[in-house]
Structure formats: C-alpha cells, structure tokens
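Since the structure comes first, as structure tokens, the remarks are kept for the end.
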Protein chains: 2
Amino acid sequence: MSKSTQREDHLKALYALGESQSSSWVSTTQMASHLGVKPPSVTAMVQVLAELGWAEHRPYHGARLTPTGRKLALSLVRKHRLWETFLVDRLGFGWEEVHDIAEQLEHVDSVALVERLDAYLGHPQTDPHGDPIPKADGTFHPEGEVLVLAELDPLVCCEVKAVREGSDATLSAMSAKGIALGSVLTPAQIEALPAAWLDQLMVCKTVDDGSID
Amino acid sequence: MSKSTQREDHLKALYALGESQSSSWVSTTQMASHLGVKPPSVTAMVQVLAELGWAEHRPYHGARLTPTGRKLALSLVRKHRLWETFLVDRLGFGWEEVHDIAEQLEHVDSVALVERLDAYLGHPQTDPHGDPIPKADGTFHPEGEVLVLAELDPLVCCEVKAVREGSDATLSAMSAKGIALGSVLTPAQIEALPAAWLDQLMVCKTVDDGSID
DNA sequence: CATGATTTTTAGATGCGCCTAAAAATGGTG
DNA sequence: CACCATTTTTAGGCGCATCTAAAAATCATG
Ligand SMILES: [Mn+2]
Ligand SMILES: [Mn+2]
Ligand SMILES: [Mn+2]
Ligand SMILES: [Mn+2]
C-alpha cells in the first residue's frame, strides 16, 4: 500500500487547504468540495493517509499533514508547477490551459524525470501563474513581498506578480484584457477591473509608475 | 465506461503482439505474460474491450483489435514514442532509461499536448530505439527497408537502424559497446557480438563500408 | 479417435475508491 | 441545559482490476 493518484490528490488538497487558512486542520467537507467527491469518501481516504503516516485524523475535527505527508505534498506541488512551466514556456500553451494537464503529469513517478525537467527549464522559481516552485528539498526560494490587489490602499501603479485561485475561464479573460505576469497596472486600469479579480491578483507596488514625467 | 490506464495497456499489448506475428489473433496467455498479469485477468479485460467495441474475443481462440481499437492503440504508441523522444533528445536520458517513464506518460489524456509535443520535437519519424512514430491519423511514414542482423547473409558492413525488444539492461550493454542508432558495424565487429543481439538489431547494408580504399 | 495434458474461461474472493442512507457527534439557541 | 440543525462518520453497496481454484474446452499423442 503506497502512492496512488487519488491518495496524492488528497495529500495535495490537505496541503493547499491547510496553507490557505490559519489552522492546518482541514475539514473533510472542505476537502470533499475541493476534490469534487463526497465527504464520506474523504473520511475513508484520510483514514488511509493516517495509516500510511502521511496525515493525522482527529475524528469530527479534521485532518492535517504529518511532516512526511507535507514533504510528499510539496514534491507533488513541485512536479505540478514544473510541468506547468514546461507546458507554457516550451510548448506554448496559454496559462489557462495547463492546470488540468499538469494535474495528470504530476503523478508520473520518476525522481530522475523531475530533476532533469527542472534543469531543462533552468531551475525556474515560479510557475506560469506566479506561484513559487518548491525546491527538491521541500523548501522555497525567498519570495518577494506581494499583496493582494484588493488591499492596495492608495491606488498606485503596481506590477502583477501572481494570480491565485483563478478558474481557467478567469485566466483566459485576464489574458484577453492584456493581463499577464509582469503587467503594470495604473490606478485607472485597476478601477476598471472586475471586482472578483481584485482578490485574485497578487501585485507589488512599482517604483517607476510608468507615467510620463 | 471508457479509457483507463489498464485498458490502454491491454490495447497496446494486443496491438504489439498482433503485429509481431502472422495472425492478428492473440492468446490471453500471451497477453498475460506480456503484461505481467495472470490469464484470467486478461480474459476479463478482453471481454471489457469487446463490450467497448475495441476488440473481438473468440473464446478459447484469442482476441484481436477492431479498427477502432487499432486506432486507439496507434495513438498510444504515438504518445509513447513521442515521449521517449522527448526524454532522450531534450532531457538527455539514455535510451535504456525511458521506457518505463513513457509507459506512464503515454496515458496522459490531452490531444493538444501530444500535438504540441510532436511539433516541439520537430515531427520526429522514429523514436530513440529506431521504432517508427505513427502520425496523428494512425498511418506511418514510409519506412526504410531494414533487416534483422541475424539474417545478414554475407557478413558486410551495415548501419544500425533500430533495436527491437531490448530490455533496459541489454540497451545499456549495447551503449557500453558503442552501439547506437547510426553506428556502422563491420563484419569483424558483428562476429564479436553476443548471439542474442543479432535478433534484436535491425540494420541496413551500407553502400560505403567505411574501409580504407 | 479416445484419453490425458494443456490452455482458457468461469466462479468466487480481495483491495481500492467511490456512492447513498443512516447513525453519531458537535455546536448554536431558547 | 436541552433541543435542533449541521457536520462527520459508519454501514452497506457498487464498479474496476486483480488473484486463486475449479471447470470447461482444445490439443496432442498413442
Ligand atoms: Mn492530480
Ligand atoms: Mn500553477
Ligand atoms: Mn502504459
Ligand atoms: Mn521505443
């Protein structure tokens, strides 16, 4: 009893949901909705992960990764983001097309493959959505400070650094509006953006605001 | 009920074994040994493939692909060989390292991915083992005439065009002896080769025999 | 061409991952 | 603090892919 696509996806969900909130304890309902399955299925899987030593399960409370489970989850995130980078940078896919494909590729089991792919891509630090790529040892490159666009208080020029949680359709719409990683947004442009995007776009203030002076 | 890794691997086995012999009817025992499972498992799977319209099953006789099943099998062979080409040409793997990885990658489901990969690789006609890569429509590029080295009657200089059925260890040993696609073998060299290799190496006679004249 | 050896299929079971329905635990409210 | 609504787990069942053991069909041989 060991790795499988399903177990790996549950592990990743546990990691992603645990990171996205204050407590690392994740409810089975949360996971179920994230993974598109029913809560009893998650309960069953979480119990398996617990037997494998990859997660802790406190009944009626939630589940969280063990250190071992976290390492495995990070290696999956690494693979997912490296493959996304390959698909966009080398094969020319749009950033809205790659998630589902990487969701499959991440489960290919070969340490040599991941490491060669990483080298081939030039050891990228972020994926096409601006998300950081964990290193082989499970640590991250020091990340530049970013803030969510919604919290940019005095509306100033800023540069798009990442897009969080975007559906493929949203990513597509952003592309159509000329938004990509590295795009500089002016206050006027920001005001014209759909409200929902403000919670998804991660930016940093630009020193040079791009205006004529 | 549709595609799955297991069904796809059975389909490929049916194709490979059917091609490698005079009749396209393949016994369940043959498939079982090829796939590393027991004959009853193959019987069950072949019955599923028959329900899907991908194979015909004549009980106590054997199974063979339908035209639909053949198209599916060819698309798997195409994916397998394109990925092997990627792994060797782009990632720098040795030809003995790529089969098992491609065995996983071939099941990734995305038409766009295969076609972009094919273009990225420059529409290669053969894989790292010299095997032809089926085109997207399931046809092959016209293949140069090759013969198995064992049947080279007057021992003359020849060029290695492909290696059939090599285990990873054999491929490794061939590499170590300097044998690669395109290598030119002299009669003296051929005589020094392990007997088993003569059935695996596909060659064509070279016009220029490489000797000093 | 009958009989025994071999191949192949069927029967019955297991583990995985999912489901629905029911039971159990939790937690907010009067 | 007792009750009810909600969340979560358990119970029971299903489809897939595999196995072993037994039955059935085929083949080979005298
Ligand atoms: Mn996945
Ligand atoms: Mn991403
Ligand atoms: Mn395979
Ligand atoms: Mn090959």
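What you are looking at is a predicted structure, and each value in this text was computed from that prediction instead of being measured. Each chain gets a letter, A, B and so on, in the order the sequences are listed, and its residues count up from 1.
With rounding to whole Å, A/W25 atom CH2 is found 17 Å from D/dT7 atom C1'. Per the geometry, NZ belonging to A/K38 stands 11 Å off C1' belonging to C/dC18, to the nearest Å. One can place CG of B/L52 at 15 Å from P of D/dG15, the figure rounded to the nearest angstrom. If you take CG of B/D9 and P of D/dT18, they are 9 Å apart, rounded to a whole angstrom. Following rounding to the nearest Å, B/L35 (CG) and D/dA17 (P) show an atom-to-atom distance of 13 Å. Atom-to-atom, CD of B/Q30 to C1' of C/dT7 comes out at 12 Å; the value is rounded to the nearest Å.
Within the structure, a side-chain polar atom (N or O) of B/S41 is placed less than 4.0 Å from OP1 or OP2 of D/dC19. Between B/Q6 and D/dT18 there is a side-chain polar atom (N or O) within less than 4.0 angstrom of OP1 or OP2. A close approach under 4.0 Å does occur between a side-chain nitrogen or oxygen of B/S4 and OP1 or OP2 of D/dA17.
Taking only side-chain atoms of A/R7, from C-beta outward, the nucleotide of C/dC16, D/dC19, D/dA17 with the closest atom is C/dC16.
For residues 142-156 of chain B, the set of pairs meeting the salt bridge (charged side-chain N to carboxylate O under 4.0 Å, His left out) definition, not counting sequence neighbours, comprises B/E143-B/R164. Residue pairs meeting the side chain to side chain donor-acceptor pair (under 3.5 Å) criterion with at least one member in residues 111-123 of chain A, sequence neighbours excluded: A/R78-A/E115, A/R78-A/D118, A/D118-A/H123, A/Y120-B/Y120. Each salt bridge (charged side-chain N to carboxylate O under 4.0 Å, His left out) pair with one or both residues in residues 64-75 of chain A, not counting sequence neighbours, appears once here: A/E19-A/R70, A/E56-A/R64. Among residues at least two apart or in separate chains, salt bridge (charged side-chain N to carboxylate O under 4.0 Å, His left out) pairs with a member in residues 9-18 of chain A are A/K12-A/E103, A/K12-A/E106. Among pairs with a residue in residues 39-49 of chain A, none fulfils salt bridge (charged side-chain N to carboxylate O under 4.0 Å, His left out), at least two apart in sequence or across chains.
Annotation: proximity of residues 10-22 of chain B to DNA chain C (heavy atom, distance under 4.0 Å) is found for no residue.
A cation-pi arrangement is present between A/R58 and A/W25 under the rule of less than 6.0 angstrom and at most 45 degrees off the ring axis.
Looking at heavy atoms from C-beta onward, A/K161 lies out of side-chain contact with A/V203 at the 4.5 angstrom threshold.
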Nucleotide N/O to protein N/O under 3.5 Å, stretch nucleotides 9-13 of chain D:
from	atom 1	to	atom 2	distance (Å)
D/dT9	OP1	A/H57	NE2	2.4
D/dT9	OP1	A/Y60	N	3.4
D/dT9	OP2	A/T28	OG1	3.1
D/dT9	OP2	A/T43	OG1	2.7
D/dT9	O4'	A/Y60	OH	3.4
D/dT10	OP2	A/Q47	NE2	2.7

Under 3.5 Å, sequence neighbours excluded: what are the donor-acceptor pairs made by side chains of residues 169-177 of chain A?
from	atom 1	to	atom 2	distance (Å)
A/T170	OG1	A/S167	OG	2.8
A/S175	OG	A/W95	NE1	3.0
A/S175	OG	A/L171	O	3.4

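Shown here are the side-chain hydrogen bond (donor to acceptor under 3.5 Å, both in side chains) partners of A/T139, two or more places apart in sequence or in another chain: A/D137.
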